[in-house]
Amino acid sequence: MPHGGRVIGSVATADAASTAVCRSCGAPSPPLVLDLGPVPASDQFPPVDAPEPDPAWPLTLHACKECGLVQLGPGRGAHPEPQAAVDSVTALEHAAASVAAVVRDERLVTGQTVIELDSAHGASWLPRFVEAGLVEVGPDGRADLVVDVHHLMHEEDIDAVIAGHAARLADGGRLVCEFFHLLPLVRDTLVDTIRHGHFVYLSLLAAGPLFERNGMTITRAAMVDVYGGSLRVTAARTADAPVVDKTVQEIRSEERAAGLDRLDSLEALGERGSRVAQDFRTHLEGLAQQGRRVAGYGAPSKAAVLLALSRVDQTLLPYTVDLSPAKDGCRVPGAGVPIHSVQHLLADRPDDVVILTWDIADEVVAQLQRMSVDTGWAPRLHVPLPVARELSLAD
């Protein structure tokens with residue numbers, strides 16, 4: 001079955017292809033640091049009987065020498081991400097905890113106004129802010145608090161997005177943004193997080209110049225575990241002379257220690273990613289040789305990337321299941337792996353389950369334990385990332 005998955009990890013050379021200009025500062029030709037080859041668009045799940053092969057586009061990362069922004073290269077433009085996912089318990093709990101932290105740290109009070117721009121990554125924070133006494137304002141207005149929940153990275157012109165956020169701030173207002181953090185992506189080799197539609201992968205080091213260019217100063221930062229590792233930053237107008245919390249310098253120091261300001265550290269991600277992909281395929285091949293029946297759990301956007309890079313199709317992973325009714329009867333793009341309801345998994349009772357939604361593995365395990373009580377079904381569970389591990393429902 002045709003799908004992406006050539007050997008990954010091609011690093012830049014003097015004449016390697018590069019994207020035209022940096023998506024943040026506009027510097028010419030940010031160097032290529034990672035080439036994942038042709039990968040399907042993981043934000044679209046075609047019906048299982050739709051014509052194949054699914055289209056694939058080059059998936060490359062580039063790093064700007066001027067501002068440090070890590071970004072996708074050319075290959076596929078913006079495409080609306082379907083609202084097909086079901087909010088996980090993990091995402092809902094994260095929304096509640098995030099709002100509580102922002103209200104506390106920014107000393108927000110009843111009657112202040114809020115604008116939220118959220119992506120399809122789940123669990124809007126807005127209802128919690130309203131419960132806390134804030135008043136919702138439309139995106140074309142101005143507010144005391146502007147919140148960007150994983151929206152920023154879905155826009156090709158990130159500089160224009162930050163400029164728009166700055167214009168939405170009322171006098172003395174605060175901007176809070178959460179996005180995938182480059183640090184855990186590189187440190188933990190979260191290669192399946194890289195995909196079409198995520199145009200930038202921000203570090204705090206790269207975010208500083210971006211915000212400063214638009215008249216804002218980052219005043220607070222917090223690393224959070226959601227989606228494998230994200231960063232929540234708060235910013236205020238530089239003209240207001242805001243106080244900068246020590247967390248900003250602490251995280252920047254940690255990023256420098258991890259080499260996020262060096263091209264060689266980013267280039268090494270490709271070699272490690274190749275090993276992750278091969279290890280995943282080897283694991284499934286071993287199960288097949290043992291005659292064990294295997295299924296997947298989850299059909300997140302990251303699944304298409306992991307399966308493509310691992311060269312896995314339905315011969316090694318016959319199907320996966322997902323809580324979203326909208327994905328039932330579809331397939332993982334590129335790999336052709338059918339997606340069924342969770343009830344199908346319980347009826348089929350495979351020997352092994354691969355948790356493709358590895359970022360909420362604990363939640364998945366708890367759910368399967370509840371659903372399998374008194375059934376005698378206790379499959380082995382495999383979590384491929386960030387460190388491959390085996391679990392059992394019997395534990």
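- A donor atom on one side chain and an acceptor atom on the other are not found under 3.5 Å apart for Arg128 and Ser98.
- Among Leu175, Val137, Leu169, the one residue that satisfies the side chain to side chain contact (heavy atoms under 4.5 Å, CB included) test with Ile115 is Val137.
- The number of heavy-atom neighbours closer than 6.0 Å to CG of Asp225, taken from other residues, nucleotides and ligands shown, is 12 or below.
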List the atom pairs, with distances to 0.1 Å, where a side-chain N or O of residues 182-192 and a protein N or O form a donor-acceptor pair under 3.5 Å, not counting sequence neighbours.
from, atom 1, to, atom 2, distance (Å)
Thr189, OG1, Arg272, NE, 3.1
Asp192, OD2, Trp358, NE1, 2.8

> Passes side chain to side chain contact (heavy atoms under 4.5 Å, CB included), Gln71 versus Ile158? Steps please.
Replying inline: CA-CA 10 Å; Gln71 56 207 280; Ile158 189 174; over 6 Å; no

> After noting the C-alpha distance and the side-chain angles of Asp352 and Arg380, does the key distance pass the salt bridge (Lys or Arg N to Asp or Glu O under 4.0 Å) rule?
Replying inline: CA-CA 5 Å; Asp352 291 78; Arg380 292 191 314 201; 3.1 Å; yes

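- Between the side chains of Thr217 and Thr238, at least one donor N or O lies within less than 3.5 Å of an accepting N or O.
- A continuous path of Ile, Leu, Val, Met, Phe, Trp and Tyr side chains, each step under 4.5 Å between heavy atoms, connects Val365 with Leu346, placing both in one hydrophobic cluster.
- Asp359 places no side-chain N or O within 3.5 Å of a backbone atom of Gly228 that could act as its donor or acceptor partner.
- The two residues Leu306 and Pro384 make their nearest non-hydrogen contact at CD2-CG, 4.1 Å.
- Taking the six-membered ring for Trp and thresholds of 30 and 60 degrees, His198 and Tyr201 have ring planes more than 60 degrees apart, a perpendicular arrangement.
- By the rule that hydrophobic residues join a cluster once side-chain heavy atoms approach within less than 4.5 Å of another member, Leu204 and Val244 end up as members of one cluster.
- In the hydrophobic clustering of this structure, Leu323 groups with Met371; members are Ile, Leu, Val, Met, Phe, Trp, Tyr whose side-chain heavy atoms approach within less than 4.5 Å, directly or through other members.
- At a threshold of 4.5 Å between side-chain heavy atoms, the hydrophobic network of Ile, Leu, Val, Met, Phe, Trp and Tyr places Val332 and Val48 in two separate groups.
- Using cut-offs of 30° and 60° for the angle between ring planes, the His382 and Phe280 rings count as parallel.
- A side-chain N or O of Thr282 and one of Gln278 form a donor-acceptor pair less than 3.5 Å apart.
- Not one N or O on the side chain of Ser372 forms a donor-acceptor pair closer than 3.5 Å with the backbone of Thr375.
- Side-chain contact between Leu266 and Val70: present, with at least one pair of heavy atoms (C-beta onward) separated by less than 4.5 Å.
- Using a 30° and 60° split on the angle between ring planes, His151 and His165 fall in the tilted class, from 30° to 60°.
- Partners of Glu106 by salt bridge (Lys or Arg N to Asp or Glu O under 4.0 Å), not counting sequence neighbours, listed by chain and number: Arg174, Arg220.
- Environment of CD in Glu131: crowded, with over 12 heavy atoms of neighbouring residues, nucleotides or ligands closer than 6.0 Å.
- With a 4.5 Å cut-off on side-chain heavy atoms, Val233 and Val248 do not count as touching.
- Thr60 and Asp35 share no side-chain donor-acceptor pair at under 3.5 Å.
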